[in-house]
Amino acid sequence: MDGNRRYAKKRNLLDGAGHRSGYLALMNMLKYCYELGVKYATIYAFSIDNFRRRPEEVQSTMQLILEKIEDLIKEESMVNQYGVRIYFLGSLKLLSKPVRLAAERAMVATSGNSKSVLSICLAYTSSDEILHAVQECCGEKWDEGSALESKGAGNGLVFLKGNENGKIKPSIVVKDLEKHMYAAVAPDPDIIIRTSGETRLSNFLLWQSANCLLYAPPILWPEIGLWHLIWAVLDFQRNFSYLKEKTKLS
């Protein structure tokens, strides 16, 4: 959701006003998605790299995120109106305690919703997600190997095992890593929308986006509207056969 700060500067707004305008745009876009029958939406709310910004800007953004998380879990919120389950994806331990606890409350409060899924990437980068998945996967395999060794059934090899032909093959495969990804709560995306005309992913869903459509309208995020979403969907439909074929080959 790129361009909030530039939007504020462009209109001579106070600090933080661009992000508040961006939040309103987000709520509208999510409503459009749910009305169109989109079941899964994932948003990039705050990168780990964003912690390098000016402390006062980070603090202001975190306060806004805290405020909006609390709004999302109110009984009359859009989330409950559309039956949306919320997940927060990322290294949540990097967040301040109030924001982290609010995120945990939101996940618990919406756990009974099942019509749609909203994944909010917070304190997230794709490289951190991949590293986390590797660490979790290695730990899991190590525990499995240790359990076998304790029973005398192991062969001293934790990450290698034999198949029916007696050949050695890796015991960690792609599906093992994918199971431990933060974003495993949703299918790989069909479309990634990045505003302000930027055509780079900025460390967002790098693993999951190999075969998705990238749509990069030139407008700033607070300026996005229904027609931009419709155009993205139409462009996806136009390229559907090609993208489906690419998915089969990968």
Side-chain angles (χ1 to χ4, degrees), residues 1-36 38 40-72 77-79 82 84 86 88-90 95 99 116 118-126 183 189-206 208-209 212-239:
M1 300 179 288
D2 198 21
N4 291 324
R5 292 185 297 171
R6 275 172 284 173
Y7 178 84
K9 186 176 181 180
K10 181 179 173 182
R11 286 164 176 73
N12 295 316
L13 302 176
L14 297 174
D15 286 348
H19 287 91
R20 291 185 180 276
S21 297
Y23 176 78
L24 293 176
L26 171 62
M27 290 298 100
N28 287 330
M29 288 295 284
L30 288 175
K31 286 179 183 178
Y32 299 148
C33 283
Y34 300 139
E35 292 290 346
L36 287 171
V38 174
Y40 297 95
T42 302
I43 62 173
Y44 202 0
F46 197 83
S47 165
I48 290 175
D49 296 334
N50 291 152
F51 283 111
R52 300 173 187 167
R53 292 178 175 175
R54 292 180 295 112
E56 56 270 25
E57 182 181 345
V58 173
Q59 177 59 32
S60 173
T61 304
M62 285 292 118
Q63 185 58 42
L64 177 62
I65 289 172
L66 175 60
E67 175 188 322
K68 297 311 178 184
I69 292 174
E70 296 291 357
D71 286 346
L72 284 176
S77 72
M78 180 205 68
V79 165
Y82 287 97
V84 182
I86 295 176
F88 284 88
L89 315 181
L95 300 170
V99 176
S116 301
L118 172 61
S119 300
I120 302 174
C121 293
L122 196 56
Y124 171 95
T125 61
S126 191
D190 291 317
I191 306 169
I192 289 182
I193 298 175
R194 169 153 189 178
T195 50
S196 74
E198 296 284 354
T199 52
R200 53 194 171 85
L201 294 178
S202 295
N203 223 335
F204 178 59
L205 299 183
L206 300 181
Q208 298 86 354
S209 61
C212 80
L213 178 77
L214 176 61
Y215 175 51
I219 46 90
L220 303 175
W221 173 253
E223 298 168 337
I224 198 167
L226 174 61
W227 286 110
H228 299 101
L229 177 62
I230 290 175
W231 179 258
V233 172
L234 290 174
D235 198 19
F236 170 77
Q237 291 175 334
R238 184 170 62 87
N239 290 281

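Hydrogens, waters and symmetry mates play no part in the numbers below; they use all other heavy atoms, side chains included. Small disclaimer: the values here were computed from a predicted structure and weren't measured.
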Non-hydrogen atoms of L214 and L201 that approach each other most closely
CD1-CD2, 4.0 Å
Spell out, as yes or no, whether a donor-acceptor pair under 3.5 Å connects the side chain of [X] to the backbone of [Y].
X	Y	answer
H228	G225	yes
W221	G22	yes
S126	L206	yes
S77	L72	yes

Ring centres under 6.0 Å, that's the criterion: do Y44 and Y124 meet it?
yes
Are L229 and L36 side-chain neighbours, meaning at least one heavy-atom pair lies under 4.5 Å?
yes
Within a strict 4.5 Å, meaning less than it, do heavy atoms of the S116 and Y34 side chains meet?
yes
Going by distance alone, is a donor N or O of one side chain under 3.5 Å from an acceptor N or O of the other, for R194 and S202?
yes
Carefully, step by step, assess L213 and I192 under the rule side-chain contact (heavy atoms from CB on, under 4.5 Å).
CA-CA 6 Å; L213 178 77; I192 289 182; over 6 Å; no
Here the gap from I65 atom CD1 to F46 atom CZ, rounded to the nearest 0.5 Å, amounts to 6.0 Å
Could you give the distance from CD1 (I48) to OG1 (T125), rounded to the nearest 0.5 Å?
4.0 Å
Salt bridge flag under 4.0 Å for residues E223 and R6
no
Residue pairs passing the side chain to side chain donor-acceptor pair (under 3.5 Å) test with at least one member in residues 59-68, sequence neighbours excluded, are R20-E67
L95 vs F51, side-chain contact (heavy atoms from CB on, under 4.5 Å): CA-CA, chis, key distance, verdict
CA-CA 10 Å; L95 300 170; F51 283 111; 4.3 Å; yes
Report the C-alpha distance between V38 and Y32 in whole Å, list the side-chain angles of each, state the deciding distance to 0.1 Å, and finish with yes or no for side-chain contact (heavy atoms from CB on, under 4.5 Å).
CA-CA 9 Å; V38 174; Y32 299 148; over 6 Å; no
